[in-house]
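Heads up: the structure comes next, in structure tokens.
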Protein chains: 2
Amino acid sequence: MPESYRAYIRALHLFVDMDADHFEALMRGTYVQNFPPQVELISEGEPSDFLHVVLSGSVELTSTWNGRETTMATVRPISTFILAATIKDAPYLMAAKTLEKSRIALIPSSDVRAVFDTDHIFARAIVTELAQCYRSVIKSQKDLKLRTSLERLANYLLRQQDRVNGAAEFELQIEKRRLASFLGMTPENLSRALKGLQPYGVEVNGNQIRINDQADLLQFAKPTPLIDDYAS
Amino acid sequence: MPESYRAYIRALHLFVDMDADHFEALMRGTYVQNFPPQVELISEGEPSDFLHVVLSGSVELTSTWNGRETTMATVRPISTFILAATIKDAPYLMAAKTLEKSRIALIPSSDVRAVFDTDHIFARAIVTELAQCYRSVIKSQKDLKLRTSLERLANYLLRQQDRVNGAAEFELQIEKRRLASFLGMTPENLSRALKGLQPYGVEVNGNQIRINDQADLLQFAKPTPLIDDYAS
DNA sequence: GGAATTTCTTGATCTGAATCAAGCTGCCGG
DNA sequence: CCGGCAGCTTGATTCAGATCAAGAAATTCC
């Protein structure tokens, strides 16, 4: 793989502290590839041959059942996805598709498992990452089961605002129809829900969101770190 | 802790292969306690001081937000819970409450983390367990987002039937109101949903469930290992 | 064993959200 | 510059599921 990407991958929590030789061993089997938009990188149910790292662009994780489809997550640089399947050597539970032109690093799953067994630091990092992922899904589950769609949307917007350090105005990072699916609603309802937040000072103009009165929205959304703090 | 419980704990995937000395080290700080029903073992948001192991009885994991409460899972012997919080040394995302008289082993979180750093086999087991937990939540998330409540119930019943090796008749393991909450519906609706499955050969008598025509129910429920096989 | 409490069920009604059906808007390519 | 097309919005309708209300069944507790 090109030398240039190594630094980015190395900087990930998962790899930053591990032994240099072990990292090299991982990188030897790794290759980096550019994909156009809308390419299905992996399909639900397939065996998990590679740990994927998104270096640029973005990837959508979806699941389907009985003709229905839902967006489970969107992965942005620089991060990995389908770590759990890699570790367990089990089939993917989600499909992955590029949303835009994306650069993806593919690390052979067998190498990840092998290095795991010889590098303590790496093992520790994987456990921390997995625990993190687990907690994120639990939070998302709580969000789904305990909140109405309007409340989910309000909290989503506040989290996005957090991402831009509290700026009153910011851009949605994903298409509305995908956001709708992620939040567990239809595009029509997302449209209406965005209107429904107007009384709390939310202005929408295309992908541009403006939160006029954060305090007002906060009072409605009632965010809690036990659901909305994806970092802890 | 009493010698007698060690064997049960040792038999768990998490501990079965680890070094005997390390296991002893873990057990030294561990104590076993009996709890009456309805005791809140841990509260949402608290720091995670112990890894818990249910030795007998059962424990319900719930989450609350803004006055609403939902059942996230029920833990039965012999298994652990809140492993992720223990590993990350982060606050619990769920509360845990005994449903019946239960015997619980408490392993100090700091010991778990310490042994993790010195025992490869244990580290490997923890990673496998965490990956397993992660995948279970993802499955549960798919269940929630892709299925109607009637479909969720049908698949739940089929999974329960699986647990008893396909016997046509079996008992529900939890109270109906808790099952309702777990499945993301109200008790009233669960009642109606159970009636709604009559056309597919489901008979209900208190906690006794009879599936007269499994093929018929299967055709309606359309289970898939990518959602319903909790083992993989 | 019987009163009291809780859980479960059933029916009636209400509501949030999905679906259906058009328009609208903005973007891409010729 | 202007079709064509995908994504978004809006309104009307339908539907699944929640809520409200009350009665029945099962448990618990004196």
Side-chain angles (χ1 to χ4, degrees), chain A residues 36-38 60 65-71 74 97 99-101 143-157 171-199 202-209 220, chain B residues 36-38 60 65-71 74 97-101 143-157 171-199 202-209 220-221:
Chain A
Q38 308 300 329
E60 184 185 35
W65 178 78
N66 197 25
R68 297 167 214 163
E69 171 165 347
T70 190
T71 298
T74 307
K97 188 177 75 190
L99 289 177
E100 31 184 329
K101 191 163 161 300
D143 193 43
L144 267 174
K145 289 186 80 174
L146 291 167
R147 290 173 172 161
T148 66
S149 59
L150 200 60
E151 289 163 345
R152 285 199 296 278
L153 175 61
N155 281 291
Y156 176 86
L157 292 180
E171 254 199 3
L172 290 179
Q173 297 287 287
I174 56 174
E175 278 174 284
K176 285 183 185 168
R177 67 200 182 95
R178 292 180 207 284
L179 175 57
S181 177
F182 174 68
L183 293 175
M185 50 175 136
T186 58
E188 293 97 319
N189 251 317
L190 174 59
S191 240
R192 285 186 265 265
L194 283 167
K195 288 227 163 133
L197 290 180
Q198 272 177 14
V202 175
E203 275 174 33
V204 183
N205 196 311
N207 279 336
Q208 211 66 24
I209 303 289
F220 170 73
Chain B
Q38 309 301 330
E60 183 185 35
W65 178 77
N66 197 26
R68 298 166 213 166
E69 171 166 347
T70 190
T71 297
T74 308
K97 189 177 73 189
T98 54
L99 289 177
E100 32 186 326
K101 190 162 163 301
D143 193 42
L144 267 174
K145 289 186 80 175
L146 291 167
R147 290 173 171 162
T148 65
S149 58
L150 200 59
E151 290 164 344
R152 285 200 295 279
L153 175 61
N155 280 292
Y156 176 85
L157 293 181
E171 255 199 3
L172 290 179
Q173 297 287 289
I174 56 174
E175 278 174 284
K176 285 183 185 168
R177 68 199 184 95
R178 291 180 207 283
L179 175 57
S181 177
F182 173 70
L183 292 175
M185 51 174 133
T186 57
E188 293 97 320
N189 251 317
L190 174 59
S191 241
R192 284 186 267 263
L194 283 167
K195 288 225 162 137
L197 290 179
Q198 272 177 13
V202 175
E203 275 175 35
V204 183
N205 197 313
N207 279 336
Q208 210 66 23
I209 303 287
F220 170 75

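Every value quoted in this text rests on a predicted model; they were computed, and no experiment measured them. The chains referred to below are lettered A, B, ... by the order of the sequence lines, with proteins before strands, and numbering in each begins at 1.
At least one side-chain nitrogen or oxygen of Thr186(B) sits closer than 4.0 Å to the OP1 or OP2 atom of dA18(D). Between Ser149(A) and dA17(C) there is a side-chain polar atom (N or O) within less than 4.0 angstrom of OP1 or OP2. Contact between the side-chain N/O atoms of Asn189(B) and the OP1/OP2 oxygens of dA18(D) is found at a separation under 4.0 Å. At the phosphate of dT10(C), OP1 or OP2 sits under 4.0 Å from a side-chain N or O atom of Lys195(B).
Counting any heavy atom pair closer than 4.0 Å across all strands shown, Gly184(B) reaches sugar-phosphate atoms only and no base atom.
Between the side chain of Arg192(A) and the base of dG16(C), no donor-acceptor pair under 3.5 Å is found. Donor-acceptor pairing under 3.5 Å, judged by distance alone, is present between the side chain of Glu188(B) and the base of dC20(D).
Rounded to an integer number of Å, the gap from Ile174(A) CD1 to dC8(D) C1' is 15 Å. Put simply, CG on Leu153(B) is 15 Å from C1' on dA16(D), counting in whole angstrom units. Taking atom CG of Leu190(A) as the reference point, atom C1' of dA17(C) lies 13 Å away to the nearest angstrom. Between the P atom of dT15(C) and the CE atom of Met185(B) lies a distance of 23 Å, rounded to the nearest Å.
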- Task: Decide yes or no on side chain to side chain contact (heavy atoms under 4.5 Å, CB included) for Leu190(B) and Phe182(B), but give the supporting numbers first.
- Result: CA-CA 11 Å; Leu190(B) 174 59; Phe182(B) 173 70; over 6 Å; no

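With 3.5 Å as the limit, one finds a donor-acceptor pair spanning the side chains of Glu60(B) and Thr71(B).
Pro187(A) approaches Arg177(A) most closely through the heavy-atom pair CG-CB, 4.0 Å.
Within 6.0 Å of CG on Asn66(B) lie more than 12 heavy atoms contributed by other residues, nucleotides or ligands.
With dT10(C), dG7(D), dT19(D) as the choices, the nucleotide that has an atom nearest any side-chain atom of Arg177(A) turns out to be dG7(D).
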